[in-house]
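Contents: one structure, followed by commentary.
Labels below follow one simple rule: chain letters A, B, ... track the order of the sequence lines, proteins then strands, and each chain is numbered from 1.
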Amino acid sequence: DGGITQSPKYLFRKEGQNVTLSCEQNLNHDAMYWYRQDPGQGLRLIYYSQIVNDFQKGDIAEGYSVSREKKESFPLTVTSAQKNPTAFYLCASSNPANLGTGIYFGAGTRLSVL
Amino acid sequence: GESVGLHLPTLSVQEGDNSIINCAYSNSASDYFIWYKQESGKGPQFIIDIRSNMDKRQGQRVTVLLNKTVKHLSLQIAATQPGDSAVYFCAAISGGYQKVTFGTGTKLQVIP
């Protein structure tokens, strides 16, 4: 089955700790995205990548870092600099060369602070 | 600034009735729109999309209407079922996915 796989489903972070959220896709999409979802708010863009080895900051990139070494993978690290990391994190992908084919999401990772 | 908003935060409908969920967008350059369904604790699920050169598109039990003049789109769900209970939100896309804006969502509650 083609899709986007996020892991883990639940993650707990201790104060001062960096944690990494995994996102893998087998849709052969060039673009990948990380969004943060908080209750009562729309999705907010953290980082996005249009191609391998390239990524751009979104609206709320502070305290986060990413890498895009492979087309299929776009891991997100929540660093200790992110003071309010508790949220639902969603990874997505799209095929920018073919507008009209949608943006697809993974099942999400819920991050909580211990 | 750019925004994508929904007119009603919560919508309650009787099972079997039709549901209409609305979305307003502000960026006139938006040329592609998507509706998503998100169940509690899950990722958003693609429901239906529409390009700006269309004003209506139908799927299975769902219809999306686009009014570019007033920058408004709606999602109609026919014969609403308990399994339709979820949060629905729209996305407005411009510049070939360069700019994607999501609405905050409408919670649809289906009353058995």
Are [X] and [Y] connected, step by step, through hydrophobic side chains (Ile, Leu, Val, Met, Phe, Trp, Tyr) whose heavy atoms are closer than 4.5 Å?
X        : Y        : value
B/Leu65  : B/Ile93  : no
B/Val100 : A/Ile4   : yes
A/Ile60  : A/Phe105 : no
A/Tyr64  : A/Leu90  : no
A/Met32  : A/Ile103 : no

**Report entry** Residues that, via side-chain heavy atoms closer than 4.5 angstrom, fall in one hydrophobic cluster with A/Val52
**Finding:** none
Query raised in the report: Heavy-atom distance under 4.5 Å to chain B: side chain of A/Leu45, backbone, both or neither?
Result: neither
Report summary line: The interface call for A/Leu43 against chain B, heavy-atom contacts under 4.5 Å, is both
Any donor-acceptor pairs between chain B and chain A, under 3.5 Å? If so, list them.
{"unit_1": "A/Gln37", "atom_1": "OE1", "unit_2": "B/Gln38", "atom_2": "NE2", "d": "2.9"}
{"unit_1": "A/Gln37", "atom_1": "NE2", "unit_2": "B/Gln38", "atom_2": "OE1", "d": "2.8"}
{"unit_1": "A/Leu99", "atom_1": "O", "unit_2": "B/Arg51", "atom_2": "NH1", "d": "3.2"}
{"unit_1": "A/Gly100", "atom_1": "O", "unit_2": "B/Tyr32", "atom_2": "OH", "d": "3.3"}
{"unit_1": "A/Gly102", "atom_1": "N", "unit_2": "B/Tyr32", "atom_2": "OH", "d": "3.0"}
{"unit_1": "A/Gly102", "atom_1": "N", "unit_2": "B/Tyr97", "atom_2": "OH", "d": "3.1"}
{"unit_1": "A/Gly102", "atom_1": "O", "unit_2": "B/Tyr97", "atom_2": "OH", "d": "3.4"}
{"unit_1": "A/Ile103", "atom_1": "O", "unit_2": "B/Tyr36", "atom_2": "OH", "d": "2.5"}
{"unit_1": "A/Ala107", "atom_1": "O", "unit_2": "B/Gly43", "atom_2": "N", "d": "3.4"}

Report task. With a 4.5 angstrom heavy-atom cut-off, could you sort out which part of B/Ile50 is near chain A: side chain, backbone, both or neither? Result -> neither
